[in-house]
Amino acid sequence: MKKEIILIIGANGQIGSVLTKSLQEKFGVDCVVASDLRNSPNLNGIFEVIDATDYEQIQSVVTKYGITQIYHLAAILSAKGEQAPLTTWDINMKTLFNVLEVARLNNLDKVFYPSSIAVFGDEADLDNTPQDAFLNPATVYGISKSSGENWAQYYFLRYGLDVRSLRYPGIIGYQSLPGGGTTDYAVDIYHKAVLKEEFTCFLNEDCELPMIFMEDAIRATIELMDAPKESIKVRTSYNLAGVSFSPADMAISIQKIYPDFKIKYEADFRQEIASKWPNSIDDSKAKEDWNWKPEYDLEAITNTMIEKLTGQYK
Ligand code: NAD
Ligand code: AKB
């Protein structure tokens, strides 16, 4: 079997720091190159500083290690992106174009490109949003992801590059902190609960959004990338569902463990972003094509988050 050498771009982020470890376990520490804008002193493994807006920096690492697959995670997320729309567009698109071109010109085997529920806007059904819903995203982040999905498909159709993609929901994990998204509250809330502090939520109490536990998100990524090429029928990006809930649902689930936990609501600009995103996602294509099945519901997420964070804060 061919030896795969993996490059992860944006490896220091919320997903990258966890995915790096999983890919090291799968492929071996010597076969995974983590990269980001700044060094990662605690990483046990190979690290290279790469600014993915610079084509040559990616190319030189691909050559140096004989990279065969790229996981391209670098992006500016929804809330932070609204602070600087044009810069966000430049970074999100330039990094993607560089990855696609490096992959094409070096005949890489596969590329992973994460998309997001942010591709949907108010033209899509909010409940059980279908795979093929009309996309009219309202944030620059969502516009960049919906465009990126089409570029992924273009490289597949035009050049045969095996680009695979998931529309991740908001990701919840204890291992890392989120960076600049609209769903970040769903991680922060557990940190406050474990610290026995009141939580101020920037979304409304009934704002239901699709979420997924980190373990499920990582497993989905690896299962998608492992699936036989012919079973990948969606070449833009697969809808992916974990579980859907509102901040009030989360508070109730935390109060089962900490009855004194308090939450108050002070909605800000992120509520406007969230109001145009789905409440829930139809991921039947992912189920059909590569047998996707989430494992964590809200209760399992709450129990695991509180157990793990309690250990971390000891
Ligand atoms: P993050 O913001 O935590 O991490 C992104 C990383 O990219 C950071 O470490 C940052 O330093 C790096 N980066 C930024 N610009 C770069 C550049 N020019 N060159 C190299 N690295 C650069 O994001 P995340 O939550 O880990 O998300 C990873 C990917 O998954 C993103 O593409 C995001 O859009 C997507 N996604 C995330 C979620 C989620 O809930 N976390 C949901 C949907 C989609
Ligand atoms: C964000 O809130 O921007 C991300 C996402 C859902 O893409 N977590």
Side-chain angles (χ1 to χ4, degrees), residues 7-20 33-40 43 47-55 57-58 61 70-84 87-88 90-99 111-120 137-149 152 165-173 175-188 202-203 207 209-214 216-218 220-221 237-242 244 269-274 276-278 281:
L7 171 61
I8 305 165
I9 294 179
N12 293 355
Q14 187 198 5
I15 302 173
S17 52
V18 186
L19 185 62
T20 299
V33 181
S35 76
D36 206 299
L37 291 172
R38 274 167 285 281
N39 209 341
S40 171
L43 179 86
F47 190 91
E48 293 279 347
V49 171
I50 293 181
D51 178 346
T53 60
D54 182 340
Y55 179 93
Q57 291 188 31
I58 307 175
V61 170
I70 299 181
Y71 289 67
H72 173 46
L73 305 179
I76 307 299
L77 275 67
S78 58
K80 196 169 167 208
E82 292 308 291
Q83 313 307 317
T87 312
T88 298
D90 284 347
I91 292 172
N92 290 4
M93 299 315 292
K94 184 76 186 150
T95 58
L96 174 62
F97 291 145
N98 285 341
V99 167
V111 172
F112 176 72
Y113 172 63
S115 185
S116 163
I117 53 165
V119 296
F120 298 110
T139 59
V140 67
Y141 171 67
I143 299 171
S144 73
K145 289 294 181 185
S146 61
S147 307
E149 292 183 357
S165 177
L166 296 172
R167 289 173 178 156
Y168 287 135
I171 297 180
I172 301 174
Q175 303 94 329
S176 51
L177 291 169
T182 302
T183 59
D184 294 10
Y185 91 88
V187 177
D188 299 341
F202 57 72
L203 299 183
C207 180
L209 288 172
M211 300 283 182
I212 191 167
F213 198 48
M214 182 67 83
D216 274 344
I218 299 290
T221 308
S237 188
Y238 278 98
N239 277 11
L240 184 77
S244 284
F269 72 101
R270 289 168 282 193
Q271 175 55 46
E272 178 63 20
I273 297 176
K276 301 202 172 65
W277 287 1
I281 287 284

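Both ligands and their constituent atoms are indexed starting at 1 by order of listing. Bear in mind that the values here come from a model prediction, so they are computed numbers and not experimental data.
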Exercise. Is there a side-chain contact between L7 and E48 (heavy atoms, below 4.5 Å)?
Worked result: no

Problem set entry | For Y141, the ligand 1 atoms whose distance to one of its heavy atoms is below 4.0 Å | 33 (C), 34 (O), 35 (C), 36 (N), 43 (C), 44 (C)

For this session: Could you check if a side-chain atom of L209 sits within less than 4.5 angstrom of a side-chain atom of T183, using non-hydrogen atoms only?
Result: yes

Seminar exercise, completed: Ranking A217, P178, P114 by closest non-hydrogen atom to atom 35 (C) of ligand 1, top hit is P114

For this session: Identify, by atom number and element, the atoms of ligand 2 in contact range of T182, meaning under 4.0 Å from any of its heavy atoms.
Result: 1 (C), 2 (O), 3 (O)

Exercise. For F213, does its backbone N or O pair with a side-chain atom of D216 as donor and acceptor, under 3.5 Å?
Worked result: no

Seminar exercise, completed: Within 4.0 Å of some non-hydrogen atom of A52, the atoms of ligand 1 are 17 (C), 18 (N), 19 (N), 20 (C)

For this session: Answer yes or no: is there a side-chain heavy-atom contact under 4.5 Å between V61 and V33?
Result: yes

Exercise. When you check the side-chain N and O atoms of S115 and E149, is any donor under 3.5 Å from an acceptor?
Worked result: yes

Seminar exercise, completed: Taking only non-hydrogen atoms of S116 and a 4.0 Å limit, the atoms of ligand 2 in range are 5 (C), 6 (C), 7 (O)

Exercise. Do L19 and Y71 come close enough that some side-chain heavy atom pair is under 4.5 Å?
Worked result: yes

For this session: Output, in order, the C-alpha distance, side-chain angles, deciding distance and verdict of side chain to side chain contact (heavy atoms under 4.5 Å, CB included) for S116 and R167.
Result: CA-CA 4 Å; S116 163; R167 289 173 178 156; 5.9 Å; no

Problem set entry | Y168-ligand 2 polar pair, N/O distance under 3.5 Å | no

For this session: Could you tell me whether a side-chain N or O of Q57 sits under 3.5 Å from a main-chain N or O of D51, the two making a donor and an acceptor?
Result: yes

For this session: Specify the closest pair of heavy atoms between V187 and I172, including all atoms of both residues, with the distance to one decimal.
Result: CG2-CA, 3.9 Å

Problem set entry | atom 43 (C) of ligand 1 - nearest protein heavy atom and its distance | Y168 CB, 3.3 Å

Exercise. Is there a side-chain contact between N12 and F47 (heavy atoms, below 4.5 Å)?
Worked result: yes

Problem set entry | Distance filter under 4.0 Å to G170 heavy atoms, resulting ligand 1 atoms | 40 (O)

Seminar exercise, completed: In ligand 2, the atoms that come under 4.0 Å of a heavy atom of L77 are 3 (O), 4 (C)

Seminar exercise, completed: Note: heavy atom closest to atom 8 (C) of ligand 1, options D36, I15, L166, belongs to D36

Seminar exercise, completed: The answer for which part of A118 has a heavy atom under 4.0 Å from ligand 1 is neither

Seminar exercise, completed: The option among K145, K94, Q14 carrying the non-hydrogen atom nearest to atom 32 (O) of ligand 1 is K145

For this session: Measure the distance from atom 23 (O) of ligand 1 to every protein heavy atom, then report the residue, atom name and distance (to 0.1 Å) of the closest one.
Result: L77 CD1, 3.6 Å

Exercise. Which heavy atom of the protein is the closest neighbour of atom 21 (N) of ligand 1, given with residue, atom name and distance?
Worked result: A74 CB, 3.5 Å

Exercise. Counting each atom of ligand 1 from 1 as listed, which ones have a heavy atom of G10 under 4.0 Å away?
Worked result: 6 (C), 7 (O), 12 (C)

Exercise. If you count the atoms of ligand 1 from 1 in the order shown, which ones are under 4.0 Å from a heavy atom of I50?
Worked result: 19 (N), 20 (C)

For this session: Decide whether an N or O pair under 3.5 Å exists between W277 and ligand 2.
Result: no

Exercise. Which of the numbered atoms in ligand 2 are below 4.0 angstrom from a heavy atom of S78?
Worked result: 1 (C), 2 (O), 3 (O)

Exercise. Which ligand 1 atoms are under 4.0 Å away from a heavy-atom of P169?
Worked result: 40 (O), 42 (C), 43 (C)

For this session: Taking the side chain as every heavy atom from C-beta outward, state whether I15 and I171 have any atom pair closer than 4.5 Å.
Result: yes

For this session: Would you mind checking which non-hydrogen protein atom is closest to atom 29 (C) of ligand 1, with the distance to 0.1 Å?
Result: L73 O, 3.1 Å

Exercise. How far is atom 8 (N) of ligand 2 from its nearest protein heavy atom, and which residue and atom name does that atom have?
Worked result: T183 OG1, 2.8 Å

Problem set entry | Partner of T88 under side-chain contact (heavy atoms from CB on, under 4.5 Å), chosen from T139, I143, V140, L77 | V140

For this session: Keeping the roles fixed (side chain from S165, backbone from S237), state whether a donor-acceptor pair exists under 3.5 Å.
Result: no

Exercise. Has ligand 1 got any nitrogen or oxygen that is less than 3.5 angstrom from a nitrogen or oxygen of D51?
Worked result: yes

For this session: Grab the two heavy atoms, one from P114 and one from K145, that are nearest each other, plus how far apart they are.
Result: O-NZ, 2.7 Å

For this session: Name the closest protein heavy atom to atom 14 (C) of ligand 1, giving the residue it belongs to and the distance to 0.1 Å.
Result: L37 CD1, 4.0 Å

Exercise. How far is atom 44 (C) of ligand 1 from its nearest protein heavy atom, and which residue and atom name does that atom have?
Worked result: S115 O, 3.2 Å

Seminar exercise, completed: Residues Q14 and S176: closest non-hydrogen pair is O-OG, 2.6 Å

Exercise. For ligand 1, which atoms have a heavy atom of N12 less than 4.0 angstrom away?
Worked result: 9 (O)

Problem set entry | Heteroatom proximity flag, D184 to ligand 2, N/O under 3.5 Å | no

Exercise. Distance only, no hydrogens: is a donor on one side chain within 3.5 Å (strictly under) of an acceptor on the other, for S78 and T182?
Worked result: yes

Problem set entry | Taking atom 40 (O) of ligand 1 as the reference point, the nearest protein heavy atom with its distance | I171 N, 2.9 Å

For this session: Using distance alone, determine whether I91 and ligand 1 share an N or O pair under 3.5 Å.
Result: no

For this session: Please report which non-hydrogen protein atom sits nearest to atom 4 (O) of ligand 1, along with the residue it belongs to and the distance in Å to one decimal place.
Result: G13 CA, 3.2 Å

Exercise. In terms of atom number and element, which parts of ligand 1 are under 4.0 angstrom from non-hydrogen atoms of S116?
Worked result: 43 (C), 44 (C)

Exercise. Less than 4.5 Å apart, any side-chain heavy atom of I9 and any of I70?
Worked result: yes

